[in-house]
Trainee: 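Encoded as structure tokens, here's the structure I'll be asking about.
Every chain is numbered from 1, with letters handed out A, B, ... down the list of sequences.
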Amino acid sequence: MSLKRKTVDLIKRREKIALGGGEKAIQKQVSLGKMTARERIIAILDKDTFHEYDMFIEHEARDFNMDKKVLHGDGVIIGTGKVFDAPICIYAQDFTVAGGSLGLMHARKITKIMDHAMKMRVPLIGINDSGGARVQEGVNSLAGYGEIFYRNTLASGVIPQLSVILGPCAGGAVYSPALTDFVFVVDKISKMFITGPEVIKTVLGEEISMEELGGAKTHSEITGNAHFYADSEKECFEQIKELINYIPWNNTQKAVTIKAKEPKKSYKIDEIVPSDPKQPYDIKNVIKAVTDSSDFFEVHENWAKNIVIGFGRLKGETVGFVANQPIVLAGVLDVDSSDKAARFIRYCDAFNIPIVTFVDLPGYLPGVDQEHAGVIRHGAKVLYAYSEATVPKISVILRKAYGGGYIAMNSRHLRADFVFAWPGAEIAVMGPEGAANIIFRKEIAEADNPDEMRKKKIKEYKHKFANPYVAAAKGYVDSVIEPKETRQFIVHSIEVSINKTSSMPKKKHGIPPF
Amino acid sequence: MSEEKKRFKSLCIEGSKYYTYLTSKFENREKWEKPNDKIIKSYIPGKIVKIDIKEGQKIKNGDTLFIIEAMKMKNKVVAPFSGTILKVYVKKNENVPKNKLIVEFE
């Protein structure tokens, strides 16, 4: 056979494999509103950059007549490509081939591309659409999962790992996304759970739909397992590309700097925040008032909304924002918001992204449910994450910063590099009402008119402590700044922190309050 | 804004009332109740497969009260102290949710 004919033969072989599980299975996939695995990869990557490997892999199953079956690519596609010119390793499980079930060779393909991503120090994107372990392959299938989880763990904090859930991802399989940095879900398509509705019904008698148990909304609003929610696969892919644009390729690099742009004039920073600390406002407007083009790429938008996290750019450089949200639960720290912030702080620290913190919180959320849910342990994560972070850390105290909340939100005491406060900032152990009730308890109780006396004493306390100057007098606040100077001060802080050195003690690793 | 303002609720923290939206998780949180040690509730959803006690029966600490089948296991529930059974709230083969009142002591 001539090389030409052999080439024609190759093309035929490729075409056959590219059909995955065949026309019928593809039709079924499409009827569920889903794209095929190959379409998904091509939609995420820059045009004509996808290069596929291990197309001719054959599966290992020998029992239960499996040896007579052909599973194209063993149900997974792997390869490399580019997103906005950034090199990417990618894999996508193909549900049309044996339900995307994971057998030994399927797992080997995934671990091969993971190893490649680690060797080349480039981001890894994993698209999950699988019925789970291939039962016919027994423990080999479990071994495959284990190998993936181990690699996810080693790669954590070295290369960015993105998990995209575009179908079922159940049982042990969920632990790979859980170990990665960011999880993307799509409405009506994503399903994640450890045990499905059927098992829950037989074992526990509880009836719940798949969507309610582990659908996209559940994971982006209730559990916090998903970081990005989209209405369609197309929207999801845009989110992935935008994220890749904000983050560096690996932990030794900085994110790509783009052309600097001023914030939009419509965000008037000195008109957003009411002077009364009890009145709410949307903190995202403050963030947008300082970022380039007023762009803010929010992470965990729908979960633990009392804290806001996400990426923006300042003079073209990526910055991570952590900000209390006074419009939701008064911006308190609680179990979920602490988890959310702490993980994001550690992400930014691992990938050389400076952290800007906007502080406006009354403290921790009171309540039996919070205490019993371990708010002590969860709240401690924020302290741990800030203390440990060695990237430039800048805080701006906009209004209230009371008690433990003040300390936790990147205070000087946890080694913030720069702490700025607006003139309306109130830095104190607690709000004036609570403080007056404690300090002047006797005077209030003994007064002829206790209510009058309480009001008088609250006013007295406010006058004395509800300002930024007590903290500034001790150097805990570096500068009290005008609201409109905020962007300029933050940008300058980051510019002068470019050679920041840290003197963390040498250790294998700390014991964070997981 | 005024429409928006109407939806704000107040949240009291250390004597100060803040105006803010509440989350559904916060509003639907389980209210804490003082535990009543005279009652035994199901600690897991399941099926009551055996009831070893009758109302008015005197039992000793460690006696089996009932068996609840859950997670493919027959879980024996024993008396945490000695006493007299006031009332049994379930029947054999009944499916019970979590935290359902099963037995009350005098």
Trainee: With a 4.5 angstrom heavy-atom cut-off, is it the side chain or the backbone of D369(A) that approaches chain B, or both, or neither?
Mentor: side chain
Trainee: Under 4.5 Å from any heavy atom of chain B, what part of L365(A) do you find: side chain, backbone, both or neither?
Mentor: side chain
Trainee: Which one of G434(A), A304(A), G431(A), P362(A) has the most heavy-atom pairs closer than 4.5 Å to chain B?
Mentor: P362(A)
Trainee: Counting heavy-atom pairs under 4.5 Å to chain B, which of D336(A), I222(A), V199(A), N306(A) comes out on top?
Mentor: D336(A)
Trainee: Between V332(A) and chain B, with a heavy-atom cut-off of 4.5 Å, which part of the residue counts as in contact: side chain, backbone, both or neither?
Mentor: side chain
Trainee: K25(B) versus chain A, heavy atoms under 4.5 Å apart: side chain, backbone, both or neither?
Mentor: side chain
Trainee: What I'd like to find out is whether the side chain of K400(A) reaches to under 4.5 Å of the side chain of Y18(B), using heavy atoms alone.
Mentor: yes
Trainee: At a 4.5 Å cut-off on heavy atoms, which part of L22(B) comes close to chain A: side chain, backbone, both, or neither?
Mentor: both
Trainee: With a 4.5 Å limit on heavy-atom distance, are the side chains of W32(B) and H372(A) in contact?
Mentor: yes
Trainee: Which heavy atom in I327(A) sits nearest to a heavy atom in F8(B), and how many Å separate them?
Mentor: CG1-CE2, 3.7 Å
Trainee: If you draw a 6.0 Å radius around CD in E27(B), do more than 12 non-hydrogen atoms from other residues or ligands fall strictly inside?
Mentor: yes
Trainee: Quick check on V368(A) against chain B: is it the side chain, the backbone, both or neither that has a heavy atom closer than 4.5 Å?
Mentor: side chain
Trainee: Could you tell me whether K457(A) atom NZ has more than 12 heavy atoms of other residues or ligands within 6.0 Å of it?
Mentor: yes
Trainee: Pick whichever of P45(B), C12(B), G46(B), S24(B) has the most heavy-atom pairs under 4.5 Å with chain A.
Mentor: P45(B)
Trainee: Might you confirm whether atom CD1 of I376(A) has over 12 heavy atoms from other residues, nucleotides or ligands at distances under 6.0 Å?
Mentor: no
Trainee: Tell me the closest heavy-atom pair linking A330(A) and T20(B), and the distance in Å.
Mentor: N-OG1, 2.9 Å
Trainee: So which of R29(B), K31(B), K47(B), K72(B) has the biggest tally of heavy-atom pairs under 4.5 Å with chain A?
Mentor: R29(B)
Trainee: Please determine whether the number of non-hydrogen atoms from other residues, nucleotides or ligands lying under 6.0 Å from atom NZ of K100(B) exceeds 12.
Mentor: yes
Trainee: Of the non-hydrogen atoms in M430(A) and E14(B), which two are nearest, and what is the gap between them?
Mentor: CB-OE1, 3.3 Å
Trainee: May I ask you to test the F26(B)-D334(A) pair for a side-chain heavy-atom distance under 4.5 Å?
Mentor: no
Trainee: Please determine, among S16(B), P97(B), A70(B), the option with the most heavy-atom pairs under 4.5 Å with chain A.
Mentor: S16(B)
